[in-house]
Amino acid sequence: MSKSAELADLIRAKAGVEPPALGLILGSGLGHLAEEVEGVAVPYSDLPGFPHAGVSGHNPKLVIGTLEGVRVAVFGGRVHYYEHGNPAEMRLPLEILRELGCEQLLLTNAAGSLREDIAPGGLMMLSDHINFSGNNPLIGEPSDARFVPLTEAHDPQIRAGLAAAAKAEGIDLPEGVYCWFSGPCFETPAEIRAARIFGADALGMSTVPEVILARFLGLRVAAVSVITNMGAGMADEQISHEQTKAIAPMGAAKLERVLRRYLQQL
Ligand code: HPA
């Protein structure tokens, strides 16, 4: 039996067999949403082989239960490429999700904005992404399935649903292109200028490997960024992880309203 099938069995034994309709991965400073789900929490440490998210501002557990009457699987935190240098580290959690029968995945992250009209505290939905890191979670995958088309990687139908939910809540949800930098250091102002010329609207240290893995595994996926700062050199401020954690809850409150409305409309 594969590792993911084994862990899916373990999770079903604890949380029941009904497949989650939506998987949700919470980014830095957004972990509290896991507390809103009525259900069973499984600490990552109870899942052998599961990558531990070791970043402060994350909530390292999987919660399976209901939110707005919809069965969801919420990952309170994710491991980042910069923690261990393995871009495929989120493969097992996503394989488990698929094993549980989940078909839709919503990724969230904290990100820096490259656009003056998308300010800290606001949200941006990813219409597309740029893999600036030079890394790929499918390097070493032997099957031809590795040649994943990414033309509509960010699912148009889920995005339309989230856009409608945001509109109904009166919350601005502009779409834009997210650029993945490996981190863990923040970018230089020159890198920020380069990313803008490339056509990026926001940037961060996650999400792109998960989008690639999700598409590889056949999961439909969309992602929303909580903007915590302007890119380096764009504003008169010092960028820090403290700032990310302090500003993220402002955007998280908006994201929660969009998500709840989205689930009501599912
Ligand atoms: N750069 C990279 N990652 C981030 C940023 C940033 O400015 N803000 C939050 N996550």
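Counting starts at 1 for both ligands and their atoms, following the listed order. Small disclaimer: the values here were computed from a predicted structure and weren't measured.
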Worksheet item: Which residue from Ile239, Ile247, Asn229 reaches closest to atom 8 (N) of ligand 1 through any of its heavy atoms?
Response: Asn229
Worksheet item: Does Gly231 reach ligand 1, in the sense of a heavy atom lying below 4.0 Å from it?
Response: no
Worksheet, complete the sentence: min-distance protein heavy atom vs atom 10 (N) of ligand 1 -> Ala110 O, 3.3 Å
Response to the item:
The complete set of salt bridge (charged side-chain N to carboxylate O under 4.0 Å, His left out) pairs with one or both residues in residues 123-139, sequence neighbours excluded, reads none
Worksheet item: Taking only residues two or more places apart in sequence or in another chain, which ones pass salt bridge (Lys or Arg N to Asp or Glu O under 4.0 Å) with Asp155?
Response: Arg220
Practice prompt. Give the residue, atom name and distance (to 0.1 Å) of the protein heavy atom nearest atom 2 (C) of ligand 1.
Written response: Glu187 OE2, 3.2 Å
Worksheet item: When you check the gap from the basic side-chain N to the acidic O, do Arg91 and Glu141 get nearer than 4.0 Å?
Response: yes
Discussion item. Below 30° counts as parallel, above 60° as perpendicular, anything between as tilted: where do the rings of Phe181 and Phe132 land?
Written reply: tilted
Worksheet, complete the sentence: Among non-hydrogen protein atoms, atom 9 (C) of ligand 1 lies closest to Thr228 OG1, 3.3 Å
Worksheet item: To which protein heavy atom is atom 3 (N) of ligand 1 closest, and what is the distance rounded to 0.1 Å?
Response: Gly204 CA, 3.4 Å
Discussion item. Can you classify the ring geometry of His154 versus His129 as parallel (below 30°), tilted (30 to 60°) or perpendicular (above 60°)?
Written reply: perpendicular
Worksheet item: Which bit of Phe186 is near ligand 1, meaning a heavy atom under 4.0 Å away: side chain, backbone, both or neither?
Response: side chain
Practice prompt. Could you tell me whether Ala232 approaches ligand 1 through its side chain, its backbone, both or neither, with non-hydrogen atoms closer than 4.0 Å?
Written response: neither
Worksheet item: For the residue pair Phe75 and Tyr44, does the interplanar ring angle fall in the parallel (under 30°), tilted (30 to 60°) or perpendicular (over 60°) class?
Response: tilted
